[in-house]
*Asks:* 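Pasting in a structure now, in structure tokens, and then I'll have a few things to ask.
In what follows, every chain begins at residue 1, and chains take the letters A, B, ... in the order their sequences are listed. Note that the structure is a prediction, hence the values are computed from the model and not measured.
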There are 2 protein chains.
Amino acid sequence: MPGLKGKHRSGCPVGAALDVLGDRWSMLIIRDLMVRGYRTFKEFQGSGEGIATNILADRLQRLETAGIVSSEKDPEDARRVFYRLTEKGIDLAPVLLELLMWGARHEAPKSAGPVMKQMMAMMAKDRVGFLAEVRKRWEERDLTPLIPKFGG
Amino acid sequence: MPGLKGKHRSGCPVGAALDVLGDRWSMLIIRDLMVRGYRTFKEFQGSGEGIATNILADRLQRLETAGIVSSEKDPEDARRVFYRLTEKGIDLAPVLLELLMWGARHEAPKSAGPVMKQMMAMMAKDRVGFLAEVRKRWEERDLTPLIPKFGG
DNA sequence: CCGGATCCGTTTCGATACTG
DNA sequence: CAGTATCGAAACGGATCCGG
């Protein structure tokens with residue numbers, strides 16, 4: 001069973017946060033849950049250009065243990081599991097937002113399509129409103145992708 | 001020579017950002033540079049409760065390759081090297097800030113001393129001003145720790 | 001001394017095959 | 001569909017060594 005160990009505990013909140021989020025996949029799963037409306041194992045699998053199934057299973061479990069994600073079985077189909085962000089998880093929205101904006105500005109400026117650019121402008125102009133919308137979506141269990149909703 | 005490989009490039013800026021930052025140590029080094037005023041190999045070493053020297057060397061090089069950190073030799077002491085955030089690196093301030101606030105709220109609420117609490121309140125109340133102060137410190141090459149400066 | 005590089009045992013990752 | 005099991009390949013951490 002793979003899994004990272006908590007190590008540095010230097011008392012700094014950043015270190016504590018990175019104990020859970022400081023790896024290649026966790027934030028991508030959170031992004032899928034938060035802005036793409038994904039909720040099943042299968043959906044995550046086809047998302048970030050292929051995470052291995054064992055790693056995905058491990059990360060979901062770690063995130064659940066950390067209280068960032070919750071899971072429940074589909075009442076209509078016993079073999080299906082729905083994942084969802086907890087309150088603690090949706091509170092990561094500002095982190096994800098800033099990471100997205102930094103990445104868009106410095107790491108992938110040319111790959112940003114018009115929809116992404118529009119969203120970027122939206123976020124820069126009305127940060128608070130945007131975050132409020134993300135949370136509202138979460139409260140209402142709205143599973144439509146966030147970007148089309150904003151891109152119009 | 002250890003080193004992570006860029007892998008997922010799913011076109012999403014978050015994925016691109018995590019190609020560089022999605023590991024256990026990079027953001028901690030950036031925190032040390034940004035808010036603690038650290039600038040030498042030795043200082044980083046004694047910081048996050050012990051990163052191995054080979055890993056530290058590798059991460060510094062990766063961050064430099066990514067354009068987040070720059071290095072220059074101490075003109076007065078040839079064996080010493082000073083590291084510093086680039087413009088791209090200081091642009092990570094909002095990400096680090098949000099990570100810090102999330103961690104303080106959800107992961108290490110009890111370990112937050114009065115100074116940290118004061119800083120949290122300050123950041124929550126005047127986010128823009130706080131970020132401006134961080135950037136100003138960077139522009140002026142101010143190496144005093146950020147927290148005492150704010151804690152008063 | 002300082003900033004690394006090298007070596008080595010251990011842990012984690014990633015790909016794929018497989019199961020309930 | 002949602003995970004386990006397996007296994008070779010990386011990456012990690014610790015210790016040590018080395019050039020300046």
*Asks:* Is the closest side-chain donor-acceptor distance between B/Q45 and B/T53 under 3.5 Å?
*Replies:* no
*Asks:* Between A/W25 and C/dG14, is there a contact of a side-chain N or O with OP1 or OP2 at under 4.0 Å?
*Replies:* yes
*Asks:* Got a donor-acceptor pair under 3.5 Å from the side chain of B/T53 to the base of C/dA5?
*Replies:* yes
*Asks:* Counting only non-hydrogen atoms, which of residues 65-80 of chain A are less than 4.0 Å from DNA chain D?
*Replies:* A/R79, A/R80
*Asks:* Rounded to whole angstrom units, what separation is found between the NZ atom of A/K42 and the C1' atom of D/dG3?
*Replies:* 13 Å
*Asks:* Side chains of B/E64 and B/S71: donor-acceptor distance under 3.5 Å anywhere?
*Replies:* yes
*Asks:* Going by modelled atom types, is there a donor-acceptor pair between the base of D/dG14 and the side chain of B/N54 at under 3.5 Å?
*Replies:* yes
*Asks:* Does the structure place the NZ or CZ of B/R39 under 6.0 Å from the centre of the six-membered ring of B/Y83, at an angle of no more than 45° from the ring's axis?
*Replies:* no
*Asks:* Think A/Y83 has a side-chain N or O under 4.0 angstrom from the OP1 or OP2 of D/dC1?
*Replies:* no
*Asks:* Assess whether a salt bridge exists between A/D23 and A/R59, defined as any Lys/Arg side-chain N lying under 4.0 Å from an Asp/Glu carboxylate O.
*Replies:* yes
*Asks:* Below the 4.0 Å mark, does D/dA11 have OP1 or OP2 next to a side-chain nitrogen or oxygen of B/R24?
*Replies:* no
*Asks:* Only one of A/I29, A/I55, A/I68 forms a side chain to side chain contact (heavy atoms under 4.5 Å, CB included) with A/L60, so which one is it?
*Replies:* A/I29
*Asks:* For the side chain of B/F41, counting heavy atoms from C-beta on, which of C/dG14, C/dG3, D/dA2 is nearest?
*Replies:* C/dG3
*Asks:* Please determine, by modelled atom types, if B/R36 and B/S47 share a side-chain donor-acceptor pair under 3.5 angstrom.
*Replies:* yes
*Asks:* Considering only D/dG14, D/dA2, C/dC13, which nucleotide approaches the side chain of A/V81 most closely?
*Replies:* D/dA2
*Asks:* Taking the side chain of A/A52 as its heavy atoms from C-beta onward, which of C/dC13, D/dA2, C/dA15 lies nearest to it?
*Replies:* C/dA15
*Asks:* Please pick, from C/dA15, D/dC12, D/dG14, the nucleotide with the shortest atom-to-atom distance to any side-chain atom of B/I55.
*Replies:* D/dC12
